[in-house]
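The block underneath contains the structure these notes are about, expressed in structure tokens.
Any value given below was found using the heavy atoms of this structure, including those in side chains, with hydrogens, waters and symmetry copies removed. Counting starts at 1 for both ligands and their atoms, following the listed order.
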Amino acid sequence: MNTIILLGAPGAGKGTTAEGIKAKTRYVHISTGDMLREAVRNGTPLGREAKTYMERGELVPDDLILKLVEARLQEGGRDESYMFDGFPRTIEQAKLLAQLLAKFHAKVDYVFFLDAARDVLIDRLTGRRICRECGTNYHVRNIPPKREGVCDACGGELYQRPDDTEETIVNRLNVFRKETEGLITFYDEEGVLVRVDSAQHRDKITAEILEMLEELAGP
Ligand code: AP5
């Protein structure tokens, strides 16, 4: 069981990079943001509780997130290798993840920190469009669909995430600085942090990470 983490501010390209890695490996992609959005769509008790935090760009409480992650790891067990996207987001979550992995005799192998400047992040988030049907990610200028508003992959309608408004983006970036940035030092001290320039083309980012993953046994 290998475990990698994609760490980065909102808009750094965690989801986009995860898609690239998934296409070339057997890593199971665990995005807590996607899991929460699904819970909100389905109107579950967890989704109803998480919605208010997400709309404001605040972090959802650690105990709710941990329940989600633990349930997902128990489904797959030791035989899978995992790629976390958007988790952990606090030191507390990182410590709880380490405890959870220890139950499977596993540990975090690499944390890829996708590093980009604030103006790049804001441009990416305000321009992001997502397919309602298959979830494919676009950007109005950087990664445009062939037909405006229509997904190339499945023909579905493209929409803008409700937390991609300028006001919420600014709050999300502030929350990243206050709550999540400390993880860079935390994982650097553990010797597993790898910095990746996320202003590069997405294919270069994926290639850089895949090269490092070749060193790990497994998928
Ligand atoms: P989450 O869904 O995790 O959102 P986020 O961290 O804000 O990150 P994003 O999904 O916005 O950005 P990304 O880095 O994935 O970038 P993307 O690849 O899409 O979380 C949402 C909310 O859920 C949180 O605010 C919080 O409330 C809650 N939550 C989630 N996890 C939690 C946790 N663990 N604890 C507590 N609360 C939690 O790319 C962005 C755009 O840029 C796209 O348009 C893309 O096409 C474009 N792009 C990407 N890469 C490139 C590139 N290399 N070149 C050019 N364009 C690019």
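Residue, atom and distance of the protein heavy atom nearest to atom 9 (P) of ligand 1 are Arg128 NH1, 3.3 Å. Looking only at protein heavy atoms, the nearest one to atom 7 (O) of ligand 1 is Arg172 NH2, 2.7 Å. Distance from atom 16 (O) of ligand 1 to its nearest protein heavy atom, with residue and atom name: Gly13 N, 3.3 Å. Closest to atom 6 (O) of ligand 1 among all protein heavy atoms lies Arg89 NH2, 2.5 Å. In this structure, the protein non-hydrogen atom closest to atom 4 (O) of ligand 1 is Arg161 NH2, 3.2 Å. Ranking protein heavy atoms by distance to atom 35 (N) of ligand 1, first place goes to Gln93 NE2, 3.0 Å. Nearest to atom 23 (O) of ligand 1 among the protein's heavy atoms is Met54 CE, 3.5 Å. The closest protein non-hydrogen atom to atom 18 (O) of ligand 1 is Thr16 OG1, 2.6 Å.
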Mind running side chain to side chain contact (heavy atoms under 4.5 Å, CB included) on Asn137 and Glu19 for me, showing each step along the way?
CA-CA 9 Å; Asn137 221 327; Glu19 289 305 320; over 6 Å; no
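Note: an N/O pair closer than 3.5 Å links Gly11 and ligand 1 by distance alone. For ligand 1, the polar-atom distance check against Pro88 finds no nitrogen or oxygen pair separated by under 3.5 Å. Looking at ligand 1, you'll find an N or O of Ala12 within less than 3.5 Å of one of its N or O atoms. By the 3.5 Å distance cut-off applied to N or O atoms, Asp163 is not counted among the residues near ligand 1. Between Glu58 and ligand 1, a contact under 3.5 Å exists for at least one N or O pair. Residue Gly86 has at least one N or O atom closer than 3.5 Å to an N or O atom of ligand 1. Geometrically, ligand 1 and Gly15 share a nitrogen or oxygen pair separated by less than 3.5 Å. Residue Lys14 has at least one N or O atom closer than 3.5 Å to an N or O atom of ligand 1.
With a 4.5 Å cut-off on side-chain heavy atoms, Gln160 and Arg129 count as touching. Residues Ile5 and Tyr187 meet the side-chain proximity criterion, which asks for heavy atoms closer than 4.5 Å. Side-chain contact between Ile184 and Arg195 is present, with at least one heavy-atom pair separated by less than 4.5 Å. Taking 4.5 Å as the limit, every side-chain heavy atom of Gln74 sits out of range of all side-chain heavy atoms of Leu100. Contact check for Phe87 versus Ile30: no side-chain heavy atoms found under the 4.5 Å cut-off. Counting heavy atoms from C-beta outward, Tyr53 and Leu59 have side chains that stay 4.5 Å or more apart. No side-chain heavy atom of Leu213 sits under 4.5 Å from any side-chain heavy atom of Lys24. With a 4.5 Å cut-off on side-chain heavy atoms, Leu46 and Lys67 do not count as touching.
Checked for salt-bridge contact, Arg141 and Asp123 meet the test: a charged N lies under 4.0 Å from a carboxylate O. Between Lys95 and Glu92, none of the side-chain N atoms (NZ, or NE/NH1/NH2) sits under 4.0 Å from a carboxylate O, so this pair counts as no salt bridge. At a threshold of 4.0 Å, the pair Glu75-Arg72 counts as salt-bridged, since one of the basic side-chain nitrogens sits closer than that to a carboxylate oxygen.
Looking at His29, its side chain never comes within 3.5 Å of a backbone N or O of Ile21 through a donor-acceptor pair. Judged by distance alone, the side chain of Asp109 and the main-chain N or O of Asn2 form no donor-acceptor pair under 3.5 Å. A donor-acceptor pair under 3.5 Å is absent between the side-chain atoms of Tyr110 and the main chain of Ile209, judged by distance alone. Checking side-chain atoms of Thr90 against main-chain N and O of Glu179 turns up no donor-acceptor pair under 3.5 Å. Here the side chain of Thr168 pairs no donor or acceptor atom with the backbone of Asp164 at under 3.5 angstrom.
Residue Ile205 approaches ligand 1 through these ligand atoms, each under 4.0 Å from one of its heavy atoms: 53 (N). Residue Arg37 approaches ligand 1 through these ligand atoms, each under 4.0 Å from one of its heavy atoms: 2 (O), 21 (C). Residue-ligand proximity, Tyr138 to ligand 1, at heavy-atom distances under 4.0 Å covers atoms 43 (C), 44 (O), 46 (O). Near Arg202, meaning under 4.0 Å from one of its heavy atoms, ligand 1 places the atoms 53 (N). Remark: ligand 1 atoms within the under-4.0 Å shell around heavy atoms of Ile143 are 46 (O), 56 (N), 57 (C).
Using a 4.0 Å cut-off between heavy atoms, Asp85 makes no contact with ligand 1 at all. When heavy-atom distances to ligand 1 are checked against a 4.0 Å cut-off, Val60 comes that close through both its backbone and its side chain. Residue-level proximity to ligand 1 for Phe176 is absent, since no heavy atom of it falls below 4.0 angstrom. Contact annotation: for Leu125 versus ligand 1, heavy atoms closer than 4.0 Å belong to the side chain alone. Residue-level proximity to ligand 1 for Gln200 is carried by the backbone, the only part with a heavy atom below 4.0 angstrom.
Compare Arg124, Gln160, Arg56 by their heavy atoms: the one nearest to atom 41 (C) of ligand 1 is in Arg124. Distances from atom 38 (C) of ligand 1 to the heavy atoms of Thr90, Leu36, Asn137, Asn142 put Leu36 nearest.
At least one heavy atom of Ala9 sits closer than 4.0 Å to an atom of ligand 1.
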